[in-house]
Amino acid sequence: MVYITRKETFSAAHKLTRPDWSLEKNEEVFGKCSNPNWHGHNYQLWVTVKGEINPETGFVTNLAEISLLLKHYVLDKVDHKNLNMDVDFMKGKLSSTEVLAVEIWKQIENPIVKLGCQLHSIKIQETDKNFIEYFGS
Ligand code: NI
């Protein structure tokens, strides 16, 4: 089994807030990300897929096709968008990096299988100091 990773970047606005909490509680729990007037991050996204090497090509899968898939299912939807308001797969959800990773997984898991490999992990870095990883469960 060989693991290959495609790295992408995107910029998006969001805010972390629960309408059923007071401003003070939102700020206490979510910190700067609770700012009512929004803010943005420059996100970095690593998508790792795994599979066997195709002896005909020497590839697990064609990374150009992974790139196109990520553009269609993820980047076109999130880049320079508001994660809370503009992104269909984030509607009604908290726009934490954790939730974003899980929802991106749901978007791309099946399309990646169609390319002859399996999704292994999604890693998202929201700031220089924090990143999260999701392995599908
Ligand atoms: Ni934030």
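All ligand and atom numbering here is 1-based and tracks the order in the structure.
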Output the rest of the hydrophobic cluster of Leu94: all Ile, Leu, Val, Met, Phe, Trp and Tyr residues reachable through side-chain heavy-atom contacts under 4.5 Å, sorted by chain and number.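 Hydrophobic cluster check, Leu94: joined to Leu16, Trp21, Val29, Phe30.
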Are Trp46 and Val49 linked, directly or through intermediate hydrophobic residues, by side-chain heavy-atom contacts shorter than 4.5 Å (ILVMFWY only)?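 Different clusters.
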N/O donor-acceptor pair under 3.5 Å between Asn84 side chain and Lys15 backbone: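 Confirmed, Asn84 side chain pairs with Lys15 backbone.
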Can you tell me which residue among Glu27, Arg18, Lys25 is in a side-chain contact (heavy atoms from CB on, under 4.5 Å) with Ser34?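 The single option meeting the side-chain contact (heavy atoms from CB on, under 4.5 Å) with Ser34 is Glu27.
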For atom CG of Asp20, is the number of surrounding heavy atoms from other residues, nucleotides or ligands below 6.0 Å larger than 12?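 Yes, CG of Asp20 has more than 12 neighbouring heavy atoms, counting only those of other groups under 6.0 Å.
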Protein N, O or S atoms less than 2.8 Å from the Ni ion (ligand 1), ignoring waters?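 Checking every protein N, O and S atom gives His14 NE2, Cys33 SG, His39 NE2, His41 NE2.
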Using 0.5 Å steps for rounding, measure from the OG1 atom of Thr127 to the OH atom of Tyr43.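 Rounded to the nearest 0.5 Å, the OG1-OH separation comes out at 10.0 Å.
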